[in-house]
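Numbers here are sequence positions counted from 1. Values reported hereafter were calculated over all heavy atoms of this structure, with side chains retained and with hydrogens, waters and symmetry mates removed.
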Amino acid sequence: MKVTSSDFIISAVGPDQYPDDALPEVALAGRSNVGKSSLINRMIDRKNLARTSSTPGKTQHMNYYLINEMMYFVDFPGYGYAKVSKSQRAVWGKMVEKYLAERDTLKLVLLIVDLRHPPTSNDKMMFDWLKHYDLPLCVVATKADKIPKTRWPKHIKIMKQELGVLPGDNFIPFSSEIGLGKEELWSLVEGFISTSGAEEEDLPEVAAEDAISDSEESSES
């Protein structure tokens with residue numbers, strides 16, 4: 001996709017603040033400081049639209065970015081940062097869970113993980129929850145540029161095995177620094193936002209909140 005316009009719209013804290021224009025939405029989930037903002041900036045070819053921070057846990061809302069006036073990236077609060085209070089993590093978890101369960105315009109969830117390291121327990125929990133309830137999903141393994149290219153296959157194999165990624169599941173190695181995976185990810189996103197989406201499932205109020213609210217120290221940025 002050629003991005004000709006991109007704008008920050010709102011930091012929403014609940015459904016009453018979500019856009020009501022029915023445009024398709026692509027959500028980004030991942031632990032604190034995994035590179036979600038950097039991924040958005042690379043995808044839209046802008047340096048600072050999505051604000052990056054050296055302070056994990058700073059994103060506390062659902063940040064909406066309008067792309068080409070035709071779709072949104074929705075950046076979730078990062079999970080697994082222990083210095084955020086348990087009560088605040090619970091609030092984030094309920095907000096994200098409600099969104100995933102009820103948002104009709106959600107077309108795809110990008111689960112952002114760090115290719116340098118095995119997935120965290122929260123990564124695994126979120127992956128399992130999304131898979132169990134058959135939500136459209138792509139695992140995006142960021143920071144590939146931080147490890148030698150010759151080691152990519154090994155790290156990809158470990159990530160897929162430990163998450164439980166199956167043949168046919170969407171998995172894209174990515175680097176915000178060098179642009180690796182950008183075109184593949186846009187191609188996937190365009191495919192999902194151009195369809196009406198799968199049938200909705202009734203989602204119980206479980207596990208997604210746990211994935212957000214579990215206290216687990218964030219590792220390297």
>> What's the separation between atom NZ in Lys182 and atom CE in Met1, rounded to the nearest 0.5 Å?
In response: 11.5 Å
> So Met62 and Val74, side chain to side chain contact (heavy atoms under 4.5 Å, CB included) or not? Walk me through it.
Replying inline: CA-CA 6 Å; Met62 309 276 274; Val74 186; 4.3 Å; yes
Indicate every side-chain donor-acceptor pair of residues 159-171 with a distance under 3.5 Å to a residue at least two apart or in another chain.
| unit_1 | atom_1 | unit_2 | atom_2 | d |
| --- | --- | --- | --- | --- |
| Asp169 | OD1 | Lys131 | NZ | 2.8 |
| Asp169 | OD2 | Lys131 | NZ | 3.1 |
| Asp169 | OD2 | Leu166 | N | 2.7 |
| Asn170 | ND2 | Leu137 | O | 3.1 |

>> Within the structure provided, determine whether Pro173 and Leu180 are in side-chain contact (heavy-atom separation under 4.5 Å).
In response: yes
> Between Phe8 and Tyr64, is the gap from one ring center to the other below 6.0 Å?
Replying inline: no
>> Contact between Trp152 and Lys149 at the side-chain level, heavy atoms closer than 4.5 Å - yes or no?
In response: yes
> Should the pair Arg103-Glu25 be classified as a salt bridge under the 4.0 Å nitrogen-to-oxygen rule?
Replying inline: yes
> What are the two closest non-hydrogen atoms of Pro136 and Phe192, and how far apart are they?
Replying inline: CB-CE2, 3.6 Å
> Can you find a heavy atom in the side chain of Tyr65 that is under 4.5 Å from one in the side chain of Ser6?
Replying inline: no
> When rounded to the nearest 0.5 angstrom, what is the spacing between CG in Leu66 and CD1 in Ile9?
Replying inline: 4.5 Å
> Between CD1 of Ile156 and CZ of Arg151, what distance do you get to the nearest 0.5 Å?
Replying inline: 12.5 Å
> To the nearest 0.5 Å, how far apart are CG in Asp75 and CG in Leu39?
Replying inline: 9.5 Å
> Given side chains that start at C-beta, do those of Leu28 and Phe76 come closer than 4.5 Å, heavy atoms only?
Replying inline: no
>> Can you list everything that forms a ring-ring contact (aromatic ring centres under 6.0 Å, His included) with Phe73? Sequence neighbours excluded, please.
In response: Trp186
>> Checking side-chain contact (heavy atoms from CB on, under 4.5 Å) between Asp123 and each of Asp114, Val113, Val34, Asp128, which is the one that passes?
In response: Val113
> Can Leu115 and Ile147 be said to form a side chain to side chain contact (heavy atoms under 4.5 Å, CB included), step by step?
Replying inline: CA-CA 9 Å; Leu115 186 60; Ile147 56 178; 4.1 Å; yes
>> Please determine whether side chain to side chain contact (heavy atoms under 4.5 Å, CB included) holds for the pair Cys138 and Ile172, giving the CA-CA distance in whole Å, both sets of side-chain angles, and the decisive distance to 0.1 Å.
In response: CA-CA 7 Å; Cys138 177; Ile172 297 178; 4.0 Å; yes
> Rounded to the nearest 0.5 Å, how far does CZ of Arg116 lie from CD1 of Ile158?
Replying inline: 14.0 Å
> So do the side chains of Ser5 and Ile67 get within less than 4.5 Å of each other, counting heavy atoms only?
Replying inline: no
> Around atom CG of Asp20, are there more than 12 heavy atoms of other residues, nucleotides or ligands at under 6.0 Å?
Replying inline: no
>> As a quick check of understanding, evaluate side chain to side chain contact (heavy atoms under 4.5 Å, CB included) for Met125 and Thr120, giving each step before the final call.
In response: CA-CA 9 Å; Met125 190 180 300; Thr120 67; over 6 Å; no
> Nearest 0.5 Å, what's the CG-CG distance between Leu135 and Leu130?
Replying inline: 5.5 Å
> Is any side-chain heavy atom of Arg31 closer than 4.5 Å to a side-chain heavy atom of Asn122?
Replying inline: no
>> Are the side chains of Ile40 and Leu49 in contact, using a 4.5 Å heavy-atom criterion?
In response: no
> Are the side chains of Val96 and Pro77 in touch, meaning some heavy atoms are under 4.5 Å apart?
Replying inline: yes
